[in-house]
Amino acid sequence: MQPFTEEVIAIIRAIPAGKVMTYGQIAELAGSRRAARQVVRVLHAMSRSHGLPWHRVLNAHGKIGERDGESMMRQIEHLEAEGVKVSARGEIDLAVYQYWPPPESPI
DNA sequence: GCCATGGCTAGTA
DNA sequence: GCCATGGCTAGTA
């Protein structure tokens, strides 16, 4: 597995319940600001095998990216179960729910 | 190497 | 348009 991929996985795994992050934000933290689409790929390829909280990842507007209706509903259910409010349009208020990991927590 | 993939995104029109 | 991966292919050695 490539370093970028591992980094992305580590970041996503660290998102606490009830919080969300955006594709671009994760890409940037993983070291490649414009690689948001790679985050999408990682999510597709690894979320199952790595047990990632895929539902806590949104696009830059705080909207659910998932196109398939069923997966979208599952995502909404997961978020709401964690206390995240999702509007009828499938939007989440990033100002309230976006997670910012602490900068390099010391051991 | 090349090419497709992919749940994006900053920034014009 | 951007860009990291994986898979496949020409084309050398």
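What you see is a predicted model, and the numbers here were worked out from it, not measured in a lab. The sequence lines fix the lettering, A, B, ..., with proteins before strands; numbering per chain opens at 1.
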Between B/dG7 (P) and A/Arg74 (CZ): distance, integer Å: 14 Å
Closest to side chain of A/Asn59, choosing from C/dT5, B/dT9, B/dG7: B/dT9
Spacing of A/Leu94 atom CG relative to B/dT9 atom P, expressed in whole Å: 10 Å
Spacing of A/Leu52 atom CG relative to B/dG7 atom P, expressed in whole Å: 16 Å
Whichever of A/Met46 and A/Gln38 has its nearest DNA chain C nucleotide further upstream toward 5': A/Gln38
A/Val40 side-chain proximity, nearest of B/dG7, C/dG6, B/dT9: B/dG7
Whether A/Tyr97 side chain and A/Lys85 backbone form a donor-acceptor pair below 3.5 Å: yes
Name of the residue among A/Asp93, A/Val96, A/Ile64, A/Leu79 meeting side chain to side chain contact (heavy atoms under 4.5 Å, CB included) with A/Val20: A/Leu79
Touch class at under 4.0 angstrom, heavy-atom based, for A/Val42 against every strand present: nothing
Sugar-phosphate only, base, or nothing, as touched by A/His44 at under 4.0 Å among non-hydrogen atoms: base
Linked, directly or transitively: A/Leu94 and A/Ile15 (ILVMFWY side chains, under 4.5 Å): no
Side chain A/Gln75, main chain A/Gly65, donor-acceptor under 3.5 Å: no
Sugar-phosphate, base or nothing in reach of A/Leu43, heavy atoms under 4.0 Å: base
Separation of atom CZ in A/Arg37 from atom C1' in B/dC8, rounded to whole Å: 5 Å
A/Glu82/A/Arg56 ion pair, N-O < 4.0 Å: yes
Nucleotide B/dG6, atom P - distance to CD1 of A/Ile64 in whole Å: 20 Å
Single-linkage hydrophobic cluster A/Ile9~A/Met21, side-chain heavy atoms < 4.5 angstrom: yes
Check: A/Arg74 main-chain N/O paired with A/His78 side-chain donor or acceptor under 3.5 Å: yes
Pair assignment for DNA chain C - dot-bracket with | for other-strand partners, Watson-Crick or G-U under 3.5 Å: |.||||||.....
A/Lys19 atom NZ, over 12 foreign heavy atoms within 6.0 Å: yes
Touch class at under 4.0 angstrom, heavy-atom based, for A/Arg67 against every strand present: sugar-phosphate
Heavy-atom donor-acceptor pair, A/Gln75 side-chain to B/dG7 base, under 3.5 Å: no
Sugar-phosphate only, base, or nothing, as touched by A/Glu66 at under 4.0 Å among non-hydrogen atoms: base
Residues touching DNA chain B, which here means a heavy atom under 4.0 Å, drawn from residues 4-36 of chain A: A/Tyr23, A/Gly24, A/Ala36
Cluster check A/Val8, A/Val57: I/L/V/M/F/W/Y, side chain < 4.5 angstrom: yes
